[in-house]
Amino acid sequence: MKDHFGREINYMRISITDKCNLRCKYCMPEGIELVPMTDLLTFEEIVKVCEQAVKVGIKNIKITGGEPLVRRDAPKLIGMINSISGIESVSMTTNGVLLKQFLPDLKRNGLKSINISLDTMDPTLYQKLTGKDAFTQVMDSIFAALDAGLRVKLNTVLLQGYNENEWGKLVDFARRNPVAIRFIEIMPIGQGKVFSGISNQELIDCLKRRYPEMKRNPAPLGNGPAIYYSIPGFQGDVGFISALHGKFCDQCNRIRMSAQGELKPCLCYGKSIDLRDILRHKEEIELENALRQAIAEKPQAHCFERQDEITEEKKMISIGG
Ligand code: SAM
Ligand code: SF4
């Protein structure tokens, strides 16, 4: 379905938990309150939402969190959503810590591609950024995912004063391996307000100096706003998600749902529709109506550049990115 601004909305990010086994500095504040399990949507409820979402044109689903794999039966949900007629792709974004052990089950349930967050190639810095000595586990997961034949995209957020110099080693990883490394500009949501990031345009300029033959790919890879470049001699690609400095709201194709069933038209604004209440107390038709309403109420653009106008107060860990 198209929104008021003519954008085709065909993609939904679904968070399945607020919990995480890491504490990334820019995402997870100290002392976040955990939501009781009974407040989270069950997998059956999530499937009901997806069945209605298909009716309004959603074809692609991304499972996120918190860390989706701390909900240990997450692979089963991938299979349940994959079997809904009209769904074309279900993928997941994970920190990769637990991924390796789940890969056989994820594959069996039809997972074809995965996004793994990786902000550094340095194990000590990894621990400093995430609070956990888990770099080796994540690297093992990345290689296991490639061996399993999954399409692998790595997501990196660069923070001034922490990992801003890591881009060279991360880009080199895409030279040696068939992965897409994507640099995401930090967004001023939750803890993201506390840190300064690096502009992707600056990064592209640095990369062009190092790799003068790099070329922008004409076709997008996947369902998102990333712009990709290829570099001769590289097995993988380098992508940029420039939410701040390359505002791409005119191409926005998505809505989001939190683990508690709050349906969000836009990342920047606090407005949401309570699908859990509808699922637990109202008629099924109300679900489809609510999805149509969320799409109809999508604003034209975010206001990240005017922080006093941002009304979303939730943390990224509760929204799912
Ligand atoms: N735990 C999973 C992971 O780390 O991939 C899924 C949830 S996490 C919230 C999803 C993505 O959001 C991660 O790639 C993370 O780097 C990104 N993220 C978190 N906070 C952000 C912020 N303030 N700005 C931009 N990206 C952010
Ligand atoms: Fe957890 Fe992902 Fe947030 Fe890091 S970015 S704290 S792994 S939810």
Side-chain angles (χ1 to χ4, degrees), residues 13-32 34-35 61-71 74 91-99 102 113-120 125-135 137-138 141-142 145 152-160 162-163 166 170 179-200 222 224-226 239-248 254 256-259 264 267-268 302 304-305 307 310 312-321:
R13 291 180 73 93
I14 299 181
S15 171
I16 62 170
T17 176
D18 289 26
K19 284 196 196 137
C20 191
N21 47 0
L22 295 183
R23 287 190 162 26
C24 300
K25 285 195 173 299
Y26 54 80
C27 176
M28 173 88 154
E30 291 300 322
I32 191 167
L34 289 178
V35 177
I61 303 282
K62 174 85 73 193
I63 299 300
T64 178
E67 172 49 38
L69 292 174
V70 302
R71 225 165 141 174
S91 63
M92 175 180 276
T93 177
T94 168
N95 59 34
V97 175
L98 299 172
L99 175 63
F102 283 104
S113 72
I114 189 116
N115 292 11
I116 304 173
S117 297
L118 182 69
D119 295 331
T120 172
L125 185 53
Y126 186 91
Q127 182 161 10
K128 187 172 170 190
L129 284 166
T130 65
K132 195 159 182 171
D133 177 14
F135 179 78
Q137 270 167 273
V138 176
S141 289
I142 292 172
V152 176
K153 295 179 188 164
L154 303 180
N155 288 339
T156 299
V157 177
L158 295 177
L159 303 180
Q160 283 181 33
Y162 288 91
N163 61 341
E166 286 296 292
L170 288 157
V179 298
I181 174 96
R182 295 124 46 91
F183 293 96
I184 306 177
E185 287 183 345
I186 187 156
M187 291 176 263
I189 295 287
Q191 288 300 98
K193 290 187 177 134
V194 178
F195 295 93
S196 299
I198 302 290
S199 130
N200 272 345
F240 299 91
I241 302 178
S242 311
L244 263 79
H245 296 92
K247 204 166 174 177
F248 42 68
R254 60 198 56 199
R256 295 173 165 82
M257 184 174 73
S258 75
K264 276 179 65 61
L267 190 56
C268 185
H302 69 60
F304 289 154
E305 64 282 21
Q307 284 202 22
I310 300 173
E312 181 53 86
E313 288 176 357
K314 283 207 234 19
K315 313 298 176 209
M316 206 58 123
I317 191 157
S318 328
I319 301 172

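For ligands, and for the atoms within them, numbers begin at 1 and follow the listed sequence.
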With a 3.5 Å distance limit and no angle check, can you tell me whether [X] reaches the backbone of [Y] through a side-chain donor-acceptor pair?
X      : Y      : value
Ser318 : Lys314 : no
Asp18  : Ile317 : no
Thr94  : Gly96  : yes
Glu185 : Asn200 : yes
Asn155 : Asn115 : no

Among all protein heavy atoms, pick out the one at the shortest distance from [atom]; state its residue, atom name and that distance to 0.1 Å.
atom                    : result
atom 14 (O) of ligand 1 : Ser117 OG, 2.8 Å
atom 4 (Fe) of ligand 2 : Cys24 SG, 2.3 Å
atom 3 (Fe) of ligand 2 : Cys27 SG, 2.4 Å
atom 20 (N) of ligand 1 : Met316 CG, 3.2 Å
atom 10 (C) of ligand 1 : Gly320 O, 3.8 Å

Nearest non-hydrogen partners of [X] and [Y], listed with the distance:
X      : Y      : answer
Glu67  : Asn95  : OE1-N, 2.7 Å
Ile189 : Ile319 : CG2-CD1, 3.9 Å
Ser15  : Gly66  : OG-N, 4.4 Å
Leu118 : Thr156 : O-OG1, 2.7 Å
Thr64  : Arg13  : OG1-NH2, 4.0 Å
Met316 : Met187 : CE-CE, 4.0 Å

Give yes if a backbone or side-chain nitrogen or oxygen of Tyr26 is under 3.5 Å from a nitrogen or oxygen of ligand 1, and no if not.
-> yes
Give a yes or no on whether the ring-centroid distance for Tyr26 and Tyr162 is below 6.0 angstrom.
-> no
Ligand 1 atoms in contact with [X] (distance to a heavy atom under 4.0 Å):
X      : value
Gly192 : 23 (N)
Asn155 : 14 (O)
Thr64  : 6 (C), 7 (C)
Met187 : 22 (C), 23 (N), 24 (N), 25 (C)
Thr94  : 2 (C), 3 (C), 5 (O)
Glu67  : 1 (N), 2 (C)
Thr93  : 2 (C), 5 (O), 6 (C)

Close-contact set for ligand 2 against [X] heavy atoms, below 4.0 Å:
X     : answer
Asn95 : 7 (S)
Met28 : 6 (S)
Gly66 : 8 (S)

Best match, Gly321, Cys24, Gly66: closest heavy atom to atom 7 (C) of ligand 1 =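 Result: the heavy atom closest to atom 7 (C) of ligand 1 is in Gly66.
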Closest to atom 26 (N) of ligand 1 among Val70, Val194, Val157, Val97 (heavy-atom distance) =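 Ranked by closest heavy atom to atom 26 (N) of ligand 1, first place is Val157.
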Report the part of Glu185 in contact with ligand 1, treating N, CA, C, O as backbone and CB onward as side chain, heavy atoms under 4.0 Å; options are side chain, backbone, both, neither.
->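 Under 4.0 Å from ligand 1, Glu185 contributes backbone atoms alone.
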Below 4.5 Å, heavy atoms only, C-beta onward: do Lys132 and Asn21 meet side chain to side chain?
-> yes
Measure from atom 1 (Fe) of ligand 2 to each N, O or S atom of Cys20 and report whether any distance is below 2.8 Å.
->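 Yes.
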Sub-4.0 Å heavy-atom contact, Ser117 with ligand 2 = no
